[in-house]
Amino acid sequence: MPNIIEITDFSAPELDIYARLSESRLYHYHEPDLGLFIAESPKVIMRALDAGFTPVSLLSERKHIEGEASEVIARCGEIPVFTAGFDILTKLTGFSLTRGVLCAMRRKRLSKPEEVCHGAHRIAVLESIMNPTNIGAIFRSAAALNMDAVLLTPGCSDPLYRRSVRVSMGTVFQIPWTFLGDDGPRRPYPGMNRLKKLGFKTVAMALRDDSVSIEDPTLLSEEKLAIVLGTEGDGLSASTIADCDYTVRIPMSHGVDSLNVAAASAVAFWQLGRRRLR
């Protein structure tokens with residue numbers, strides 16, 4: 001039976017994780033053990049549960065208890081389910097942005113890059129991408145467009161930040177991912193070499209005079225490709241580009257010289273992942 005708790009005291013410490021703790025504090029919530037993250041909406045929460053994440057508590061608008069949230073609540077056992085009417089819940093910071101249901105969940109220990117890449121033929125590598133919205137959008141494209149895994153350098157935003165999870169529509173729980181080791185700011189040389197030892201040819205997405213077109217048939221013929229995307233403003237570091245096997249650009253029209261990294265990722269994943277569809 002679910003443990004339904006009507007909210008009467010907004011200062012209750014049980015609500016801190018939903019209303020008053022930053023992403024960083026959630027990450028370190030059980031330190032030295034793994035911390036927490038927040039999943040929003042029944043669909044996203046169900047995908048997290050399917051991926052084996054453990055729920056801690058739920059926060060739901062009252063009308064969803066026997067409606068949209070009922071299946072989620074049934075799967076979560078006897079954890080606390082905090083509830084109230086929508087007009088009350090909007091007093092909690094950020095609740096008005098959700099689809100009626102929030103779930104606090106425990107993080108899982110991350111796998112090593114070698115484990116994440118085992119059996120993969122197409123992977124995405126993200127360097128210093130700090131915008132959680134872009135991270136979420138890239139994950140959604142990676143899951144939909146034939147990427148087998150995602151690797152992130154330490155300068156990237158955490159894929160389990162609340163906005164990233166929401167924008168990804170829960171695909172952060174469907175595609176394997178992990179962080180590359182900390183090789184210093186914007187110098188992931190050991191990370192690139194690590195991928196080459198695993199048999200991947202590395203593709204730097206960058207606007208340079210010596211870039212080849214993303215339509216180059218040589219790229220599609222490669223058995224294993226790692227598609228490397230850089231930060232929103234400056235793109236990939238020069239050292240990363242130099243360490244990649246290919247430098248690739250997306251042909252553009254009307255004098256446009258660049259795309260948002262999330263949009264560029266979708267184009268790159270579609271074109272370079274097509275080998276998987278043959």
Side-chain angles (χ1 to χ4, degrees), residues 1-86 88-111 132 135-136 139-140 143 150 157-179:
M1 292 291 292
N3 179 19
I4 308 296
I5 301 172
E6 190 77 16
I7 294 173
T8 57
D9 182 4
F10 283 96
S11 65
E14 293 86 355
L15 298 180
D16 286 348
I17 55 179
Y18 297 108
R20 290 178 284 275
L21 295 188
S22 65
E23 298 280 12
S24 177
R25 291 178 68 187
L26 285 173
Y27 185 91
H28 296 285
Y29 193 77
H30 289 297
E31 206 166 51
D33 292 333
L34 299 175
L36 303 175
F37 68 92
I38 304 295
E40 302 180 7
S41 84
K43 177 183 287 188
V44 170
I45 295 168
M46 291 294 280
R47 286 178 173 173
L49 293 171
D50 289 342
F53 286 90
T54 302
V56 174
S57 66
L58 286 158
L59 176 64
S60 175
E61 188 178 350
R62 189 185 297 113
K63 71 177 183 180
H64 294 312
I65 294 292
E66 296 181 358
E68 293 182 23
S70 59
E71 187 176 358
V72 169
I73 292 170
R75 284 191 60 181
C76 288
E78 297 182 357
I79 65 170
V81 180
F82 301 103
T83 188
F86 182 75
I88 300 297
L89 289 180
T90 53
K91 297 178 182 177
L92 293 173
T93 303
F95 188 85
S96 60
L97 300 176
T98 78
R99 296 188 179 182
V101 188
L102 298 173
C103 185
M105 311 190 90
R106 287 188 178 272
R107 291 174 176 265
K108 294 196 294 188
R109 198 166 302 279
L110 292 176
S111 301
I135 291 288
F139 265 84
R140 191 171 183 180
V150 178
S157 178
D158 191 329
L160 293 186
Y161 279 177
R162 186 165 161 178
R163 183 179 293 274
S164 297
V165 173
R166 180 170 69 242
V167 173
S168 81
M169 286 300 295
T171 54
V172 293
F173 308 122
Q174 296 178 305
I175 185 167
W177 63 272
T178 195
F179 280 92

Next item on the list: For the pair S60 (side chain) and T83 (backbone), establish whether a donor and an acceptor sit closer than 3.5 Å, ignoring hydrogens and angles.
Entry: no
Margin query: Can you give me the closest heavy-atom contact between L160 and V172, atom names plus distance?
Written below: CD2-CG2, 4.1 Å
Note to self: Please determine whether the number of non-hydrogen atoms from other residues, nucleotides or ligands lying under 6.0 Å from atom NZ of K63 exceeds 12.
What the structure shows: no
Notebook entry, point to check: Is I17 close to L26 at the side-chain level, that is, under 4.5 Å between some pair of heavy atoms?
Noted result: yes
Checklist line | CD/E6: more than 12 non-hydrogen atoms of other groups inside 6.0 Å | finding: yes
Next item on the list: Mind checking the CG-OG spacing from L15 to S57? Nearest 0.5 Å is all I need.
Entry: 8.5 Å
Notebook entry, point to check: What's the shortest heavy-atom distance between L34 and K108, and which atoms?
Noted result: CD1-C, 3.4 Å
Notebook entry, point to check: Atom CZ in R107, atom CZ in F53: separation rounded to 0.5 Å?
Noted result: 8.5 Å
Margin query: If you compare all heavy atoms of V56 against all heavy atoms of P80, which two are closest, and at what distance to 0.1 Å?
Written below: O-CD, 3.5 Å
Notebook entry, point to check: When rounded to the nearest 0.5 angstrom, what is the spacing between CZ in R75 and CG in D50?
Noted result: 4.5 Å
Check: S164 side chain to P132 main-chain N or O, any donor-acceptor pair under 3.5 Å?
Finding: yes
Margin query: So which atom in M105 and which in A48 form the shortest heavy-atom distance, rounded to 0.1 Å?
Written below: SD-CB, 3.5 Å
Next item on the list: Would you confirm whether R47, through its side chain, and M169, through its main-chain N or O, come within 3.5 Å as a donor-acceptor pair?
Entry: yes
Notebook entry, point to check: Between C76 and L49, is a side-chain contact (heavy atoms from CB on, under 4.5 Å) present by the stated rule, with each step listed?
Noted result: CA-CA 9 Å; C76 288; L49 293 171; 4.1 Å; yes
Check: Which heavy atom of I45 sits nearest a heavy atom of L102, and at what distance?
Finding: CD1-C, 4.1 Å
Notebook entry, point to check: Any side-chain heavy atom of H30 sitting closer than 4.5 Å to one from L36?
Noted result: yes
Next item on the list: List the atom of V101, the atom of H64, and the distance in Å for their closest heavy-atom pair.
Entry: CG2-CB, 4.4 Å
Notebook entry, point to check: Under the 3.5 angstrom rule, does the side chain of T178 hit a backbone N or O of S111 as a donor-acceptor pair?
Noted result: yes
Item checked: Main-chain N/O of G136 paired with Y161 side-chain donor or acceptor, under 3.5 Å -> no
Checklist line | K43 NZ to E71 CD distance, which is reported to the nearest 0.5 Å | finding: 12.5 Å
Check: Quick one: CD1 on I7 to CZ on F82, what's the gap to the nearest 0.5 Å?
Finding: 7.5 Å
Check: Distance from L58 atom CG to I79 atom CD1, nearest 0.5 Å?
Finding: 4.0 Å
